[in-house]
Each structure stands twice: as structure tokens, then as C-alpha cells.
Amino acid sequence: MSDLELDSSMGGVGTRPMLSEWMTRAELAAELDLTSETLCRWTARRIGPAPTQVGRKVLYRRETVRAWLLAQEQDRNASSRCAGKNPRGRR
């Protein structure tokens, strides 16, 4: 039985909202201290956490965002991502 079926079979008493595990682009942007436009660019470039689009609404699953953040962690012993790059960030 899925979470949605479980929620509806319990009559809504003591259940969480169906979209509680999802966040909007604006919510994620606020959490990451970014703009919504940055998240739009990331989506176009296929970087950042994967979004889900429902009609015109763009949603991010919280677990997907957590997994993406964990993947961004780097070993302190690994070479720096900035090594060999122009200090202004362009080549």
C-alpha cells in the first residue's frame, strides 16, 4: 500500500499532507540562499537537484535535495576544485 493510499485509508486523522515531502522552487531557493532564477538556470544546465514539474509548478523532493547536498561534500584531502582556475572563475 502506498503512502497516498495509507493516508486516504486512515481518514486523514493524524496524517501528514500529501505534499509535505516536496518543496517549491521559492522554498528551496530560500533554503539555499539563492534566487529562483539560479535554480532555473541550474535546471536548464542539468545541474543541481532534480526537479519535478506538475503543470506549471516546479517541485523538489526533500530527499532528492538532501542526496544532492550530500553528493556535494568533498573529501578535504582531495585537490581543490578551484586549483588551476582563473581567480575570477573564467578561463
Side-chain angles (χ1 to χ4, degrees):
M1 182 178 279
S2 74
D3 287 348
L4 296 177
E5 292 169 336
L6 186 61
D7 287 349
S8 64
S9 69
M10 297 176 76
V13 177
T15 61
R16 62 180 189 259
M18 183 170 38
L19 295 178
S20 65
E21 291 299 315
W22 296 83
M23 57 196 326
T24 65
R25 180 174 280 154
E27 291 170 335
L28 179 58
E31 285 283 326
L32 297 176
D33 195 25
L34 300 169
T35 65
S36 292
E37 291 77 19
T38 296
L39 292 175
C40 287
R41 283 192 303 274
W42 285 5
T43 298
R45 294 178 183 158
R46 297 181 188 269
I47 59 176
T52 298
Q53 189 160 350
V54 180
R56 292 183 180 184
K57 187 171 284 269
V58 176
L59 300 171
Y60 294 85
R61 185 188 311 258
R62 291 179 188 277
E63 188 56 38
T64 300
V65 173
R66 283 185 197 102
W68 176 78
L69 285 170
L70 288 171
Q72 302 312 300
E73 289 183 358
Q74 296 188 7
D75 183 2
R76 290 181 186 257
N77 296 326
S79 62
S80 172
R81 291 180 72 185
C82 298
K85 287 190 177 180
N86 184 329
R88 292 182 13 197
R90 297 180 183 222
R91 291 181 184 226

For residues Trp68 and Leu34: do they belong to one hydrophobic cluster (side chain heavy atoms under 4.5 Å, members Ile, Leu, Val, Met, Phe, Trp, Tyr)?
yes

Measure from the side-chain N and O atoms of Glu73 to the backbone N and O of Leu69, and report whether any donor-acceptor pair falls under 3.5 Å.
no

Hits for salt bridge (Lys or Arg N to Asp or Glu O under 4.0 Å) against Glu21, two or more places apart or cross-chain, chain-then-number order -> none

Can you confirm whether more than 12 heavy atoms, excluding those of Glu31, are under 6.0 Å from its CD atom?
no

Under 3.5 Å, sequence neighbours excluded: what are the donor-acceptor pairs made by side chains of residues 39-61?
residue	atom	partner	partner atom	Å
Arg41	NH2	Thr38	OG1	3.0
Thr43	OG1	Leu39	O	3.0
Gln53	NE2	Gly55	O	3.0

Minimum heavy-atom separation for Ala26 to Ser36, with atom names?
CA-OG, 3.9 Å

